[in-house]
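Let me begin by presenting the structure, written as structure tokens, before commenting on it.
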Amino acid sequence: MSLRERSRLGFDWRTLIVALGGTFVASAVVYPFLPTVGDVSPGLWLVLGVLVGGPGLGLLYGGYRLPRTDVRPELYPTVGKWCVRGVALGLSIAVLILLVSDDGNFVGNSLLLTALGSFAGFGAGTYDARAETRRHELQETIDRLEASNERIERQRQYTDDVLDALDDVFYVVDENGVLKRWNDSLPNVTGYSDEEIAAMAATDFFREEDRESVAAAIRDGFETGSVEIELDLRTKGGETAPFEFVGSRLEDATGDAVLAGIARDVTDRIERERQLERRARQQRAVAELGQSALEADDLDDLMLEASRLVADVLDSEYCKVLDLDANGDELLLRQGVGWDDGLVGEAAVSAVENDSQAAYTLENDHPIVVEDLETETRFGGPDLLRTHDVRSGVSTVIGPFDEPWGILGTHDTEARTFTDEDVTFVQSVANVLAEAIERHRYQAELEQLVADLEESNERLEQFAYAASHDLQEPLRMVSSYLRLIESRADDELTEETREFLEFAVDGADRMRDMIEGLLAYSRVETRGRALEPVDLDDVVADVRTDLDVRIARSDADIRVGELPRVVGDEHQLRQVFQNLLTNAIAYSGDEPPRVEISAERRGSAWEISVRDEGIGIEPDQQERAFEVFQRLQSRDEADGSGIGLALCERIVQRHGGDIWVESEPGEGSTFSFTLPAAETYSEPEPRD
């Protein structure tokens, strides 16, 4: 209601009531003094004062208190109108009295009757307004209840619409397992009508063997406040589907405990989990087969294991490994599972026939998938497949497309669809087999090459031994006879002849030294002793003793640090140190030789260094230093056969180490080599 309406309907009528009361009070007071009134006895004035002033005061007080009553403001006109009716009634009675009697006190009668009438009207109006107020309030209460019920109904309908819009099943059950509420998804999923569902218990939607689990889950939900379980929901037609049920304990409108929750179809999730598990299983199978391939010595055992894995993982009845012959015309069933007895190793299929599945597989660089051989139009099945009622399968080439080794195939007697993961799995197994086959081929070729090399080395060693033995004797004879000629014909020889004889003897001696060095070089591997812990301090001490005369003659200063124990052939290591010390002394230059031998640990090996302060080696000649018969100085400048460093390199390599040189011309050279530490040595097991 606007302010103007409130002023017009409330304030004006209330003012009228107050004005009437004031008028009556004022009239009662001034009544004796009115011009139309004659002498008034005190008794009459008192009566009028009470009967007119009293109602006037009542109107004043009632009009003033009207806002504080339970009368609604919009009903103030009702009270005012009743007052006006009372005034009108009083005036009518006064006029009637005047007309029917000779009473001349019309003013007094009018005041008395209008005061009483307006006061009575105020009372009647107030009663009427209060009744109307209560009616309005009752109506408003009814309207509010209806509005509330309407909102509740809309909310209920909205809730129902929301629940019905869910793809998941919504349910409410009591402690007895009776369904109290459900959404449209339940009849849609199960095929039961709402009337049928109303007569069913929660356990009726499950198989007989699962009903006790359902009842136990409901009890657990009411006891713990929540429940979560996965079971197969049974439809009206008897089909089942996996559902996940989640519920919580609540109270309904009456305060009773219920279990409300959602049931969700988890068929897709379970299928994804199965696919992931199948893929993981396939990957594990490939990894296991790959490990077996690294350890397998027999290809047939590996092929049989691969066939079993493929058949087991893909749940197929047959698996085969076909071996392509050298001419590329036929494929032998080399290994497989599921086939009739006697076929593995004997049965064969054509690799060239136009209608052959095997030939079609060999012509494609990708796996061939057959979902139903009876409807296949690309090729036909060979007798091997037809006689075993094969209808579906996957086949792929083993090895590179342009040089295939054979075919890997898996088959089933039922028409089925193979996933991309299944096809990839078969291809992965084929790749493992191809790598294993290639590795075995390489291993066989390598073993043959090693055998050929060993045979060649043996022949070379025999040749070197024969050459050294057979050549040394003629050289010794030549040298002896030359010296005999020189001694017997000393007086008859000219100076030039004597010089020629010395050249011949020296050449024969050098040839003998080269042959002996070559013989020692060729026998490093075959005539070496077993490797065992060796104390290098003892080895170097023996070498210094052997070279004592040369050391003393050259005034060499040999300094040896603390040397370790290593794993090696003591005799060959003595040869290494002897050659290095001999070279250090020989190539010391004009100054007395200064040689330092030291050792430093490098992980599981020791690095041994022999450092001199001699003439050094040119950078472009350092790589040639370890080649056979390569001399870095002329024979006039230094002796030697040119095989010493090559012999050192081969001995160090036999010990599993490396040898190298670091040198600056005029600054000396440092020869370093590595040997395994004695801590790495383990006693070899005795042989039968």
Side-chain angles (χ1 to χ4, degrees), residues 289 293 296-312 314 316-415 418 423 425-441 444:
L289 184 64
D297 295 327
D298 192 323
L299 277 178
D300 284 287
D301 290 343
L302 181 64
M303 293 175 187
L304 179 59
E305 181 182 356
S307 300
R308 289 172 177 169
L309 273 176
V310 172
D312 182 54
L314 296 184
S316 55
E317 296 186 46
Y318 304 103
C319 188
K320 66 178 186 292
V321 178
L322 300 178
D323 187 355
L324 185 64
D325 65 9
N327 297 325
D329 297 331
E330 196 173 57
L331 289 154
L332 172 69
L333 179 59
R334 181 162 175 176
Q335 284 296 341
V337 294
W339 310 103
D340 293 342
D341 293 339
L343 291 181
V344 174
E346 298 295 333
V349 296
S350 174
V352 295
E353 292 180 2
N354 294 332
D355 194 38
S356 169
Q357 178 180 351
Y360 189 85
T361 302
L362 290 173
E363 292 174 356
N364 288 270
D365 59 353
H366 56 81
I368 303 302
V369 180
V370 178
E371 296 184 354
D372 192 348
L373 193 59
E374 294 182 0
T375 60
E376 180 60 55
T377 59
R378 296 172 294 178
F379 46 77
D383 292 340
L384 178 65
L385 301 184
R386 293 291 185 183
T387 56
H388 289 80
D389 299 325
V390 168
R391 291 189 62 184
S392 60
V394 179
S395 58
T396 188
V397 172
I398 301 175
F401 170 69
D402 52 348
E403 294 182 7
W405 180 89
I407 293 176
L408 172 66
T410 182
H411 307 280
D412 210 344
T413 55
E414 296 180 356
F418 293 91
V423 177
F425 168 64
V426 175
Q427 183 63 65
S428 298
V429 173
N431 293 341
V432 172
L433 291 178
E435 292 177 2
I437 293 169
E438 184 63 27
R439 186 164 51 252
H440 274 257
R441 284 180 176 176

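The figures that follow rest on heavy atoms only: side chains count, while hydrogens, waters and symmetry mates do not.
Not counting sequence neighbours, the partners of R334 by the salt bridge (Lys or Arg N to Asp or Glu O under 4.0 Å) test are D300, D323. Residues satisfying the side-chain contact (heavy atoms from CB on, under 4.5 Å) test with I437, not counting sequence neighbours, are L299, M303, I398, W405, R441. Residues passing the side-chain hydrogen bond (donor to acceptor under 3.5 Å, both in side chains) test with E414, sequence neighbours excluded: none. Taking the side-chain contact (heavy atoms from CB on, under 4.5 Å) definition, one finds that A351 meets it with L324, L331, L362, sequence neighbours left out. For the side-chain hydrogen bond (donor to acceptor under 3.5 Å, both in side chains) test, residues two or more places apart in sequence or in another chain that qualify with E305 are S292. Looking at residues two or more places apart in sequence or on another chain, you find a side-chain hydrogen bond (donor to acceptor under 3.5 Å, both in side chains) between D312 and R281. When the side-chain contact (heavy atoms from CB on, under 4.5 Å) test is applied to D325, the partners found at least two apart in sequence or on another chain are N327, D329, E330. For W339, the ring pair (Phe, Tyr, Trp, His ring centres under 6.0 Å) partners are Y318, H388, not counting sequence neighbours. Scored by the side-chain hydrogen bond (donor to acceptor under 3.5 Å, both in side chains) test, T410 finds S316 as partners (sequence neighbours excluded). For S350, the side-chain contact (heavy atoms from CB on, under 4.5 Å) partners at least two apart in sequence or on another chain are V352, E353.
Taking both residues in full, the closest heavy atoms of L309 and F425 are given as O-CZ, 4.4 Å, listed atom of the first, atom of the second, then distance. In terms of heavy-atom proximity, P367 sits nearest to V394 at CB-CG1, 4.3 Å. Here the closest heavy-atom approach between residue A436 and residue A293 is recorded as CB-CB, 4.0 Å. What you find for C319 and S307 is that their closest heavy atoms are CB-O, 3.5 Å. Heavy-atom minimum distance, L433 versus V321: CD1-CG2, 4.3 Å.
With values rounded to the nearest 0.5 angstrom, T413 atom OG1 is found 12.0 Å from L373 atom CG. For the atom pair I368 CD1 and I407 CD1, the distance stands at 9.5 Å (nearest 0.5 Å). In this structure, D341 CG and L343 CG are separated by 8.0 Å, a value rounded to the nearest 0.5 Å.
Between V370 and R378 there is a side-chain heavy-atom pair separated by less than 4.5 Å.
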Quiz item: Should V344 and V337 be marked as a side chain to side chain contact (heavy atoms under 4.5 Å, CB included) after you check the CA-CA gap, both sets of side-chain angles, and the distance that decides it?
Solution: CA-CA 9 Å; V344 174; V337 294; over 6 Å; no
Quiz item: Can you list the steps and then say if V369 with V423 is a side chain to side chain contact (heavy atoms under 4.5 Å, CB included)?
Solution: CA-CA 8 Å; V369 180; V423 177; 3.5 Å; yes
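N364 contributes a side-chain N or O that, together with a main-chain N or O of Y360, makes up a donor-acceptor pair within less than 3.5 Å.
Within a 6.0 Å radius of CG in D298, other residues, nucleotides and ligands contribute more than 12 heavy atoms.
Screening L408, L304, L322 for a side-chain contact (heavy atoms from CB on, under 4.5 Å) with Q335, the sole residue that qualifies is L304.
Among residue pairs with one or both ends in residues 389-409, those qualifying as salt bridge (charged side-chain N to carboxylate O under 4.0 Å, His left out) are D372-R391, E374-R391; sequence neighbours excluded. Screening residues 392-401 for side-chain hydrogen bond (donor to acceptor under 3.5 Å, both in side chains) gives T361-S395, T396-Q427 as the qualifying pairs, with residues at least two apart or on separate chains.
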